[in-house]
Amino acid sequence: MIESEKFLLVRTDRIGDVILSTPVAVALKQHFPQARIFFLVRSYTKEIVECHPTVDGILVEEEFGNWFKALQRLREENFGTAIFLHPEAKWAVLSWLAGIPQRIGTGFRAYSVFFNRRVFEHRKVSRRHEVEYNLSLLRPLGIEKPEVKFLFTIPLEAEERIEALLANQGVDPNQPLVILHPGSGGSALNWPVQKFAQLADELFYQHKVRVVVTGVHSEKKLIDEFFRLTKAPVLRLDGQLSLKELGALLRRANLLIANSTGPLHLAVAMGTEVIGLYCPIRPCHPDRWGPYGKPTSVVMPPVGECQKCNPSRCPHYNCMDKISVKDVLKMAEINIRGIVT
């Protein structure tokens, strides 16, 4: 039983994490049609949550300023249930102080005492996908094994800007378009940038594919190196797109090739084909963080699984270098419509 059909979903980490949490909002709306669903997120992920049709409101962590203001806002909102998809001690305590009647979270943290409905699952073993771990937090509400749905609506103005940008760069609407995203924000080991550059050359010169490179401002040095190494006329868009515009670009593309990173999950949500390049470290494993529903769209180095990366002791370091351009190109040829192999 729930006190009020007003839910707060707490997910104050990164873009991919937030995207992989949105099926929870869909499941709640399906089970409680009159529910009002709010997300608590960081400022830089707010934009993508704004594109989700089941979300009724967004609270931004940075806008609260201090604990007192955050507590006051939580009390004013009168939430009936808070679900901690990304558990944090701060918000666990504040939700308890605010008197939110039902507080659902993991049972394995020191601050789990502030949750009154607990789900006992160790995510760190990465045996299930993050989407499934998120949805399992709905079990205390009687929601078992809900369907996984990604629902995002990209604003028309974002799509129009992307179409204009591509047209200004001479991109033929009928030409296959591949996006390369060589960074990952440090969440996992990356495929070497020189291999991304070699792949861009192969895609353009051998298959006449138009290549676009994306990234954030902090990845400028990495992408500068990519452009120093590639010979292909790649369209450079790092640091130039909003999240909504990135979503529009991904929807327009035939394929995204990326490390384990948020845009990979955004591409899946947009219905775009992907190739994910993953390291064998268990906490970063595609079993948990891979493109959801696309296990055959993952490339990993041919080495055994490990628990953490220790470069000084690992005989395979950097194992990501063992993923060949040929193998990635072969998968790209299979996935992109319009490419003649």
Side-chain angles (χ1 to χ4, degrees), residues 6-29 35-67 69-79 81-88 90-92 94-95 98 100 105 130-131 134 137 149-162 181 183-187 214-219 237-251 261-270 292:
K6 187 174 182 181
F7 294 86
L8 177 64
L9 306 182
V10 180
R11 191 86 218 205
T12 53
D13 43 357
R14 304 173 70 172
I15 293 169
D17 308 287
V18 172
I19 291 168
L20 295 175
S21 296
T22 58
V24 173
V26 179
L28 283 171
K29 282 283 191 180
R36 298 186 66 214
I37 298 172
F38 287 66
F39 258 92
L40 171 61
V41 297
R42 292 167 63 186
S43 58
Y44 88 109
T45 61
K46 175 185 176 183
E47 191 177 337
I48 199 62
V49 181
E50 290 174 339
C51 296
H52 205 279
T54 68
V55 177
D56 299 292
I58 302 172
L59 280 62
V60 178
E61 184 176 43
E62 292 91 337
E63 293 178 1
F64 291 118
N66 58 49
W67 279 51
K69 290 182 179 179
L71 178 58
Q72 184 179 33
R73 178 67 183 278
L74 290 179
R75 285 175 172 166
E76 290 172 353
E77 291 290 350
N78 195 32
F79 293 109
T81 301
I83 303 175
F84 292 82
L85 303 164
H86 174 61
E88 280 190 289
K90 170 185 175 180
W91 293 108
L94 284 170
S95 69
I100 296 176
E130 181 69 8
V131 170
N134 291 329
L137 290 171
K149 288 186 177 180
F150 295 101
L151 303 176
F152 289 94
T153 302
I154 299 299
L156 179 60
E157 56 267 27
E159 294 184 342
E160 289 176 342
R161 196 218 162 191
I162 290 302
H181 193 92
S184 72
S187 60
T214 57
V216 296
H217 286 289
S218 61
E219 294 167 336
L237 295 180
D238 59 296
Q240 300 180 45
L241 304 177
S242 68
L243 279 178
K244 292 173 183 175
E245 290 164 350
L246 177 60
L249 177 64
L250 289 167
R251 182 169 286 173
T261 186
L264 186 77
H265 303 296
L266 183 57
V268 173
M270 295 297 106
Y292 187 78

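Each residue takes its place number in the sequence, starting with 1.
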- line: Residues Pro53 and Cys51: closest non-hydrogen pair is CD-O, 3.6 Å
- line: On a heavy-atom basis, the closest approach of Leu8 and Phe39 is CD1-C, 4.2 Å
- prompt: In Å and rounded to the nearest 0.5 Å, what is the CG to CZ distance from Leu266 to Phe152?
  reply: 7.0 Å
query: Could you give the distance from OH (Tyr44) to CD (Glu61), rounded to the nearest 0.5 Å?
result: 11.5 Å
message: Rounded at 0.5 Å granularity, tell me how far CG in Asp13 sits from NE2 in His86.
response: 4.0 Å
CG on Leu74 to CD1 on Ile100, rounded to 0.5 Å: 5.0 Å
field: Pair Glu47-Ser242, side-chain donor/acceptor within less than 3.5 Å
entry: yes
field: Polar contact flag, side-chain donor to acceptor under 3.5 angstrom, Arg11-Ser21
entry: yes
- prompt: Which heavy atom in Ile154 sits nearest to a heavy atom in Ala248, and how many Å separate them?
  reply: CG2-CB, 3.8 Å
query: Considering only heavy atoms from C-beta outward, does the side chain of Lys46 approach that of Glu50 to under 4.5 Å?
result: yes
message: Taking the basic N atoms (NZ, or NE/NH1/NH2) and the acidic carboxylate oxygens, is any pair closer than 4.0 Å for Arg73 and Glu77?
response: yes
query: Taking all atoms of both residues into account, what is the closest heavy-atom pair of Thr54 and Ala25, and its distance?
result: OG1-CB, 3.3 Å
message: As an exercise, state the distance from CG of Leu40 to CD of Glu63, rounded to the nearest 0.5 Å.
response: 10.5 Å
task: Output, in order, the C-alpha distance, side-chain angles, deciding distance and verdict of side-chain contact (heavy atoms from CB on, under 4.5 Å) for Val131 and Phe150.
output: CA-CA 10 Å; Val131 170; Phe150 295 101; 4.1 Å; yes
task: Verify side-chain contact (heavy atoms from CB on, under 4.5 Å) between Ile83 and Val10, making sure each step is shown before the conclusion.
output: CA-CA 6 Å; Ile83 303 175; Val10 180; over 6 Å; no
task: Decide salt bridge (Lys or Arg N to Asp or Glu O under 4.0 Å) for Arg251 and Glu159; before the verdict, give the C-alpha distance in whole Å, the side-chain angles of both, and the deciding distance to 0.1 Å.
output: CA-CA 9 Å; Arg251 182 169 286 173; Glu159 294 184 342; 3.6 Å; yes
message: Quick one, His181 with Thr261, criterion side-chain contact (heavy atoms from CB on, under 4.5 Å). Give me CA distance, side-chain angles, the key distance, then yes/no.
response: CA-CA 9 Å; His181 193 92; Thr261 186; 3.7 Å; yes
query: Got a donor-acceptor contact below 3.5 angstrom from the Asn134 side chain to the Leu20 backbone?
result: yes
message: Using a 6.0 Å distance limit plus a 45 degree cone around the ring axis, check whether Lys69 lies over the aromatic ring of Phe64.
response: no
query: Are Phe79 and Phe7 close enough that their ring centres sit under 6.0 Å apart?
result: no
field: Short side-chain donor-acceptor distance under 3.5 Å, Glu88 and Thr12
entry: yes
- request: Say whether, by atom type as modelled, one donor and one acceptor occur between the side chain of Lys29 and the main chain of Ala35 under 3.5 angstrom.
  value: yes
query: Any idea which heavy atoms bring Leu28 and Leu9 closest together, and the distance?
result: CD1-CD2, 3.9 Å
query: Is the backbone of Leu151 close enough, under 3.5 Å, to the side chain of His52 for a donor and an acceptor to pair up by distance?
result: yes
- prompt: Do any N or O atoms from the side chain of His265 and from the backbone of Ile19 form a donor-acceptor pair under 3.5 angstrom?
  reply: no
query: Are Asp17 and Arg42 ion-paired here, with the side-chain N under 4.0 Å from a carboxylate O?
result: no
query: Can you check whether Ile37's main-chain N or O pairs, donor with acceptor, with Asp56's side chain at less than 3.5 Å?
result: yes
query: Should Thr22 and Ile48 count as side-chain neighbours, where that means a heavy-atom distance under 4.5 Å?
result: no
Leu249 and Thr214: CA distance, side-chain angles, deciding distance, side-chain contact (heavy atoms from CB on, under 4.5 Å) verdict: CA-CA 10 Å; Leu249 177 64; Thr214 57; 3.8 Å; yes
statement: Closest non-hydrogen contact found for Glu219 with Gly183 is OE2-CA, 3.4 Å
query: Going by heavy atoms in the side chains, are Val24 and Leu85 under 4.5 Å from each other?
result: yes
